[in-house]
Colleague: 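Submitted below is the structure of interest, expressed as structure tokens.
So you know, we letter chains A, B, ... as the sequences are listed, proteins then strands, and number each from 1.
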There are 2 protein chains.
Amino acid sequence: MSGFDVGTRLKQLRQRRDLSQRELAKRAGVTNSTISLIEQNSVSPSVSSLKKILDALPVSISEFFAGEELASEQVFYRAEELTEIGDGTLSWRLVGARRPNRSMSILHEYYPPGADTGEDMLEHAGEEGGIVVSGSIEISVNGETRVLTRGDAYYFDSRLPHRFRNIGDTDCVIVSANTPPSFAEGGGTQHH
Amino acid sequence: MSGFDVGTRLKQLRQRRDLSQRELAKRAGVTNSTISLIEQNSVSPSVSSLKKILDALPVSISEFFAGEELASEQVFYRAEELTEIGDGTLSWRLVGARRPNRSMSILHEYYPPGADTGEDMLEHAGEEGGIVVSGSIEISVNGETRVLTRGDAYYFDSRLPHRFRNIGDTDCVIVSANTPPSFAEGGGTQHH
DNA sequence: TCATGCTGTCAAGGATGTTCAACAAGGACG
DNA sequence: CGTCCTTGTTGAACATCCTTGACAGCATGA
């Protein structure tokens, strides 16, 4: 039914690391029985259990299921197919789910009035750039602050501390690209 | 615990599609209560349940969790500062003139009605992707042809033969990105 | 106003996932 | 051979998820 063999996939990942069911269970904070039952597809684990187990490998959930639709790489995306990555006020839409082997991510970003990536400046590896499609946005990079409007653009090394803020009273829409894909690996509730 | 807000994410995806809990539940083959409880993070759904629900959206599991791990060069560019690379009918505007050490180029592309990158399919190293900002465009990649409109997007390996054509009667505007930068030195009739 | 239909929430109990503890199979060593 | 350690599996008890069926809130309209 699921079309995706959770049990076998988990078993492969575990064995590749030379871990016993008990050892993995211990690291994950579950019991060996749980691992056994999952690997036999006797149960469909809860997301929380699966996450605990994958964290111990460690493998991200999206990685775990990455092969699920590897079938054919998708080229075209309808507007409503873009993967949404929001957190309440801010909202980004990703072209293509996280595909670990792609070298860029492209985003459709929506900043409602007042939206703010936060006072703690963002800093991470890679480069990013974009063009303002509508509205206006205040961008600070490495101490310099500018307000960009429709048609304006930016490009910088993401290691420079940066911040995005919509100080206008209309939505701001940006199309941007990052490299390497930053909605990706690694910890934390990272933006951008 | 999970560090990832499953409930809120599901709610966003559902609401973006204008589905009620009951309607989504019906399509997914679960009950509305299940959706409600998950959205409130009152439970951590089983993988099988989550998959049924996501299939109904439809969103792949890896996409669903894509945001899990989130995200003295010139930085800002006024619209009129973008370097124009036109050749009569077609017109691109580059964010930042070609800077060899950048790993991406970002383009504001204008396709007037009838614009066509040519019958000889383009093929070159790298990857490219973009989002349609206005108008519509016919894109062919590796034999497959689609018409994209406002908000739609694409992403593909540039080694696949590809072609862009505006078959509508209004301008088409796209924001795109390529890696590695492919608008090589010195003009020529280079396209992406 | 009352009926109707929609929305999302919640308590109770049945269904399913997880644990605890036992078990058998296999290898290492004396 | 027996002992000891490891491995993965399984039955019964417990915890959690899921469904049933109800409820209140809000809108539309007779």
Colleague: Quick check for you: among D/dT7, D/dC18, C/dG8, whose closest atom lies nearest to any side-chain atom of B/R22?
Modeller: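 The answer is C/dG8, which lies nearest to the side chain.
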Colleague: State whether A/R14 places a side-chain N or O below 4.0 Å from either non-bridging phosphate oxygen (OP1 or OP2) of D/dG8.
Modeller: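 True: A/R14 side-chain N/O within range (under 4.0 Å) of D/dG8 OP1/OP2.
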Colleague: Rounding to an integer number of Å, can you tell me how far A/L37 CG sits from D/dG8 C1'?
Modeller: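 These atoms are roughly 11 Å apart.
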Colleague: Could you check which of C/dT18, D/dT19, C/dG8 has an atom nearest any side-chain atom of A/T34?
Modeller: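 Of all the options, the side chain of A/T34 is nearest to C/dT18.
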Colleague: Report the residue (B/K11 or A/V47) whose heavy-atom-nearest nucleotide on DNA chain C is the more 5′ of the two.
Modeller: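 Checking each residue's closest nucleotide, the 5'-ward one belongs to B/K11.
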Colleague: Roughly, in whole Å, what's the span from CD1 in B/I35 to C1' in D/dT19?
Modeller: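 Distance, rounded to whole Å: 13 Å.
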Colleague: Roughly, in whole Å, what's the span from CG in A/L10 to P in D/dG8?
Modeller: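 Value for this atom pair: 12 Å.
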Colleague: Does the pair B/E39/B/R14 count as a salt bridge with the N-to-O cut at 4.0 Å?
Modeller: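 Yes, B/E39 and B/R14 are salt-bridged.
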Colleague: So, under a plain 3.5 Å distance rule, would you say the side chain of A/S33 forms a donor-acceptor pair with the base of C/dC20?
Modeller: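 For A/S33, whose side chain was compared with the base of C/dC20, there is a donor-acceptor pair (under 3.5 Å).
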Colleague: Quick check on DNA chain C: between B/L19 and A/L50, whose nearest nucleotide comes earlier from the 5' end?
Modeller: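 Closest to the 5' end, via its nearest nucleotide, is B/L19.
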Colleague: Quick one: do the A/T149 and A/S136 side chains pair a donor with an acceptor below 3.5 Å?
Modeller: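 Checked: A/T149/A/S136 side chains show no N/O donor-acceptor pair below 3.5 Å.
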Colleague: Rounded to whole Å, how long is the line connecting atom CG of A/D18 with atom P of D/dT6?
Modeller: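 It works out to 16 Å between those atoms.
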Colleague: Can you tell me if B/S36 and B/S33 form a side-chain donor-acceptor pair at under 3.5 Å?
Modeller: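 Looking only at side-chain atoms, B/S33 and B/S36 do not form any donor-acceptor pair under 3.5 Å.
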Colleague: If only side-chain N and O atoms of A/T31 are considered, is one of them under 4.0 Å from the OP1 or OP2 phosphate oxygen of C/dT19?
Modeller: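 Indeed, a polar side-chain atom of A/T31 lies that close.
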Colleague: Under 3.5 Å, is there a donor-acceptor pair between the A/N41 and A/D5 side chains?
Modeller: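 The criterion, which ignores hydrogens and geometry beyond distance, is satisfied for A/D5 and A/N41.
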Colleague: Could you tell me whether the phosphate oxygens of D/dT7, OP1 or OP2, come under 4.0 Å of any side-chain nitrogen or oxygen in A/Q21?
Modeller: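 No, outside the criterion.
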Colleague: If you compare every side-chain N and O of B/S49 against the phosphate oxygens of D/dC18 (OP1, OP2), does one of them come in below 4.0 Å?
Modeller: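 Yes, such a contact exists.
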Colleague: Between B/S36 and C/dG8, is there a contact of a side-chain N or O with OP1 or OP2 at under 4.0 Å?
Modeller: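 Checking B/S36 against C/dG8: no side-chain N or O falls below 4.0 Å of OP1 or OP2.
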Colleague: Just to confirm, is there a sub-4.0 Å distance from OP1 or OP2 of C/dT16 to any side-chain nitrogen or oxygen of B/S46?
Modeller: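 Negative; the distance criterion is not met.
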Colleague: Just say parallel, tilted or perpendicular for the rings of A/F164 and A/Y111, cut-offs at 30° and 60°.
Modeller: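 Plane angle under 30°, so parallel.
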Colleague: In whole angstrom, what separates B/N41's CG from D/dT16's P?
Modeller: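 From B/N41 CG to D/dT16 P: 16 Å.
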Colleague: Using whole Å, what does the distance between atom P of nucleotide D/dG8 and atom CD of A/Q40 come to?
Modeller: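 My rounded result for the distance is 11 Å.
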Colleague: Would you kindly compare B/S48 and A/S20 by the position of their nearest DNA chain D nucleotide and give the one closer to the 5′ end?
Modeller: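 Looking at the nearest nucleotide for each, A/S20 comes out on the 5' side.
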Colleague: As an exercise, state the distance from CG of B/L37 to OG of B/S49, rounded to the nearest 0.5 Å.
Modeller: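 Here the rounded value is 11.0 Å.
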Colleague: Tell whether B/N32 reaches the base of C/dT7 with its side chain through a donor-acceptor pair below 3.5 angstrom.
Modeller: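 No such pair is found, so the answer is no.
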Colleague: Roughly, in whole Å, what's the span from CG in A/L24 to C1' in D/dG8?
Modeller: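 It works out to 13 Å between those atoms.
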Colleague: In whole angstrom, what separates A/K52's NZ from D/dA15's P?
Modeller: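 After rounding, the reported distance stands at 14 Å.
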